[in-house]
Amino acid sequence: MAYIPACIFAVVSVIHLTGCIMEKKKLCFRTKPILMPLLAVTASAVLIPHLPDAKHTLVFTVAALACGTAGDIFLLSTDEKHFAAGALCFLTGHICWITQYSKVYTVCSPAKIVIGIICTAVLLTAAYFILGKPRGIIGIGTIAYGAVLCMLVFTGTAAVYTFGTIAAELYLAGALLFLVSDSMLGFAVIKKPFPRSQFFIMLTYIAAQILLTAAVIFLQLQSAA
């Protein structure tokens, strides 16, 4: 069942990325909003046979990808209001991903959590200055979003060191790719676009969502085994 939506998702992803390379805006606008729904359908097809045990994973995965869809739609426009709304959607999506690995915080030592907070503060400060110290709603949003994004990366790092599973490694890889994608997006919107910026942003973004989805699915299947 999952193969059909997975193949459609792969085809649409290739079409969208091709449109990004060729700078075909209409093609990109038409394909971007359906990417995450197709990934959500794929994930649902894998998880539904494992209900009710997979209920938590199914709900939060679909919610995360729904937030991604909303964010993608808002970011079809790059004005300040749409950018802020899109960032809020992705922030909510990150919380949905973090929730699925929240158990790592019950076994992670306080010292590691403190180190994570310090690293987050350093990264946020660096990002704030690199982006030119944005003010107003963009500045506040940058700090808030950056904090949650860093928490996503820290959750993945802690999961790898604590559990050492393939699922945890996929989760960390997805989180890191999200960090790369969002960093490029922030730079392109707040500072200035760079050559083929849309292609690299979307390539890393799509890969990040795939890896995070695969990670939580593997986690669910491993726990059920």
Side-chain angles (χ1 to χ4, degrees), residues 1-17 30-76 85-86 88-107 148-149 151-153 155-156 158-160 162-179 181-182 202-225:
M1 287 289 291
Y3 292 112
I4 295 175
C7 289
I8 297 173
F9 169 72
V11 170
V12 175
S13 296
V14 171
I15 292 173
H16 178 77
L17 292 172
R30 289 171 181 169
T31 53
K32 188 178 182 180
I34 63 175
L35 288 170
M36 294 307 109
L38 287 171
L39 184 56
V41 171
T42 303
S44 298
V46 176
L47 291 169
I48 286 175
H50 298 278
L51 292 175
D53 293 339
K55 181 180 178 180
H56 179 272
T57 302
L58 177 61
V59 169
F60 279 95
T61 298
V62 171
L65 295 174
C67 289
T69 301
D72 288 340
I73 293 172
F74 278 120
L75 290 181
L76 289 175
L88 180 61
C89 290
F90 285 117
L91 183 151
T92 307
H94 291 337
I95 293 174
C96 290
W97 292 125
I98 292 168
T99 299
Q100 299 191 64
Y101 255 96
S102 59
K103 67 178 182 179
V104 75
Y105 292 100
T106 64
V107 295
V148 175
L149 182 58
M151 186 177 178
L152 178 69
V153 174
T155 302
V160 169
T162 303
F163 305 121
T165 61
I166 293 177
E169 291 171 354
L170 291 174
Y171 188 97
L172 177 57
L176 289 172
L177 280 175
F178 239 125
L179 179 62
S181 178
D182 286 341
M202 288 305 299
L203 177 64
T204 49
Y205 165 68
I206 292 171
Q209 293 283 37
I210 291 172
L211 289 170
L212 287 170
T213 301
V216 296
I217 289 175
F218 278 130
L219 177 65
Q220 173 59 44
L221 298 181
Q222 287 170 359
S223 63

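One finds the CG atom of Leu177 at 11.0 Å from the CG atom of Asp182 (value rounded to the nearest 0.5 Å). In this structure, CD on Gln100 lies 9.0 Å from CD on Gln220, to the nearest 0.5 angstrom. In this structure, OG1 in Thr61 is found 6.5 Å from CD1 in Ile217, a value given to the nearest 0.5 Å. From Asp53, atom CG reaches atom CG of Leu221 across 11.0 Å, with rounding to the nearest 0.5 Å. For the atom pair CE (Met36) and OG1 (Thr69), the distance works out to 7.0 Å, reported to the nearest 0.5 Å. A distance of 10.0 Å separates CD of Gln209 from CG of Leu35, quoted to the nearest 0.5 Å.
With hydrogens and angles ignored, the 3.5 Å screen pairs no side-chain donor or acceptor of Ser181 with any backbone N or O of Phe178. Under the 3.5 Å distance criterion, the side-chain polar atoms of Tyr101 are left unmatched by any main-chain donor or acceptor of Leu219. Between the Ser102 side chain and the Ile98 main chain, no donor and acceptor come within less than 3.5 Å of each other.
Taking all atoms of both residues into account, the shortest heavy-atom contact from Cys96 to Ala64 is CB-CB, 3.7 Å. Cys89 and Ala70 get closest at one heavy-atom pair: SG-CB, 3.6 Å. Pairing each heavy atom of Leu76 with each of Pro33, the nearest pair is CD1-CG, 4.2 Å.
The number of heavy atoms from other shown groups lying within 6.0 Å of CD1 (Ile166) does not exceed 12. Applying the 6.0 Å contact sphere to CZ of Phe218 captures no more than 12 heavy atoms from other residues, nucleotides or ligands. Within 6.0 Å of CD1 in Ile4 there are 12 or fewer heavy atoms belonging to other residues, nucleotides or ligands.
A 4.5 Å side-chain heavy-atom check between Leu38 and Ser13 finds every atom pair outside the cut-off. Inter-residue side-chain proximity for Phe9 and Val41 is flagged as unmet; no heavy-atom pair is nearer than 4.5 Å. Between Ser44 and Leu58 the shortest side-chain heavy-atom distance falls below 4.5 Å. Residues His94 and Met151 are not in side-chain contact: their nearest non-hydrogen atoms beyond the backbone lie 4.5 Å or more apart. Annotation: side chain of His56 is in contact with side chain of Thr99 (closest heavy-atom distance under 4.5 Å). Contact check for Leu47 versus Val62: no side-chain heavy atoms found under the 4.5 Å cut-off.
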Discussion item. side-chain contact (heavy atoms from CB on, under 4.5 Å), that's the test. Do Ile95 and Phe60 meet it? Break it down for me.
Written reply: CA-CA 9 Å; Ile95 293 174; Phe60 279 95; over 6 Å; no

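Residues satisfying the side chain to side chain donor-acceptor pair (under 3.5 Å) criterion with Thr42, sequence neighbours excluded, are absent altogether.
Of the listed residues (Leu152, Val160, Leu211), just one forms a side chain to side chain contact (heavy atoms under 4.5 Å, CB included) with Leu172, and that residue is Val160.
Two rings, from Phe90 and Tyr205, have their centers less than 6.0 Å apart.
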